[in-house]
Amino acid sequence: MSTHAKKDQGPEEEALYEPRIVAFCCNWCSYAGADLAGTTRIQYPPNVRIVRVMCSGRVDPAFVLKAFELGADGVLVAGCHPADCHYINGNEKAAMRGDFLSSFLEDAGIESQRFRIEWIAGSEGQKFAKVVKDMVSELQRLGPIYAEEG
Ligand code: FES
């Protein structure tokens, strides 16, 4: 992973900062929730790029680290609620990896608030929108993950 530093921002720069979020969404619940948010025209910030995966348990920690390396300011892993995983316990595995990732990121100098795991059902378009809004607010407070070059 390349070196990074937080940008020293004033209030005006902070207002202009639009964080980039990569969201790994499980096909069966969270992706459907994101889709519902779109089809029912629930407003949420356009800062998120969704990567559809079959299950949150499919998200290797390396995917999250790669997203940060490639410039994401925040990463979301979203899956089915506990006991609703279509692959029995993929979301439990994702949660365990999430605990590991949070402490790993802190050790690497990346605020753990930049990484979130959420359970979002296919009927929860509102929740998907709220999670994205909350992440954008939090990331705007933290500032960009990498300093501008040059
Ligand atoms: Fe959704 Fe496993 S299928 S978390």
Side-chain angles (χ1 to χ4, degrees), residues 1-7 14 16-147:
M1 189 171 288
S2 56
T3 57
H4 64 279
K6 274 189 281 184
K7 188 177 172 185
E14 225 169 275
L16 296 173
Y17 165 57
E18 291 293 343
R20 289 172 290 200
I21 298 170
V22 173
F24 295 97
C25 294
C26 97
N27 181 63
W28 304 104
C29 289
S30 305
Y31 186 83
D35 194 39
L36 182 64
T39 56
T40 56
R41 301 187 181 195
I42 298 167
Q43 294 291 313
Y44 66 88
N47 306 59
V48 64
R49 297 293 176 268
I50 295 174
V51 178
R52 179 161 49 170
V53 292
M54 291 310 287
C55 176
S56 62
R58 176 66 183 91
V59 180
D60 190 295
F63 298 176
V64 175
L65 299 177
K66 191 69 177 179
F68 281 121
E69 184 183 359
L70 293 177
D73 297 296
V75 177
L76 169 67
V77 174
C80 306
H81 284 270
D84 287 348
C85 176
H86 291 236
Y87 302 95
I88 303 173
N89 62 354
N91 49 5
E92 292 171 18
K93 291 175 182 168
M96 285 190 291
R97 290 181 195 136
D99 291 342
F100 160 76
L101 265 169
S102 292
S103 59
F104 180 84
L105 291 172
E106 286 285 350
D107 288 346
I110 296 173
E111 300 91 344
S112 60
Q113 299 96 315
R114 293 183 184 277
F115 171 70
R116 281 176 73 161
I117 292 194
E118 294 285 345
W119 311 134
I120 301 171
S123 60
E124 293 181 316
Q126 289 282 5
K127 181 173 181 182
F128 179 82
K130 182 178 183 320
V131 166
V132 173
K133 284 180 199 167
D134 289 351
M135 277 192 85
V136 168
S137 297
E138 180 71 13
L139 293 169
Q140 285 176 329
R141 188 185 66 74
L142 291 171
I145 192 167
Y146 297 113

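In what follows, residues are counted from 1 in the order of the sequence shown. Whatever order the structure lists them in is the order used to number ligands and atoms, beginning at 1. Every heavy atom of this structure was used, including side-chain atoms; hydrogens, water molecules and symmetry mates were not.
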I need the atoms of ligand 1 closer than 4.0 Å to a non-hydrogen atom of [X], numbered in the order shown.
X   : answer
W28 : 3 (S)
Y87 : 3 (S)
M54 : 3 (S)

Part of C80 within contact of ligand 1 (heavy atoms, under 4.0 Å):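 Within the 4.0 Å criterion, C80 contacts ligand 1 through backbone and side-chain atoms alike.
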Which pair of heavy atoms, one from G98 and one from I117, lies closest together, and at what distance?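 Looking at all heavy atoms of both residues, the closest pair is CA-CD1, 3.7 Å.
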W119 to C80 - nearest heavy-atom pair and separation: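 Closest approach of W119 to C80: CE3-O, 3.3 Å.
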Is C26 close enough to atom 1 (Fe) of ligand 1 that one of its N, O or S atoms comes in under 2.8 Å?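 Within the cut-off used here (under 2.8 Å), C26 does place an N, O or S atom near atom 1 (Fe) of ligand 1.
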Please test D73 against Y17 for side chain to side chain donor-acceptor pair (under 3.5 Å), starting from the C-alpha separation and ending with a verdict. CA-CA 11 Å; D73 297 296; Y17 165 57; 3.3 Å; yes
Heavy-atom distance under 4.5 Å between the side chains of R114 and L142, does that happen here?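 When only atoms from C-beta onward are counted, L142 and R114 do touch, with a gap below 4.5 Å.
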Decide side-chain contact (heavy atoms from CB on, under 4.5 Å) for R116 and M135; before the verdict, give the C-alpha distance in whole Å, the side-chain angles of both, and the deciding distance to 0.1 Å. CA-CA 8 Å; R116 281 176 73 161; M135 277 192 85; 3.5 Å; yes
Could you check atom 3 (S) of ligand 1 against the protein and tell me its nearest heavy-atom contact, residue, atom and distance included?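 Sorting protein heavy atoms by distance from atom 3 (S) of ligand 1 puts H86 N, 3.4 Å first.
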What angle sits at atom 2 (Fe) of ligand 1 between SG of C85 and SG of C55, to 10°?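 About 90°, to the nearest ten degrees.
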Look at the aromatic rings of Y44 and F128 and report parallel, tilted or perpendicular, splitting at 30° and 60°.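 Correct class here is perpendicular.
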Please determine whether any non-hydrogen atom of R58 lies less than 4.0 Å from an atom of ligand 1.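 No, R58 has no heavy atoms under 4.0 Å from ligand 1.
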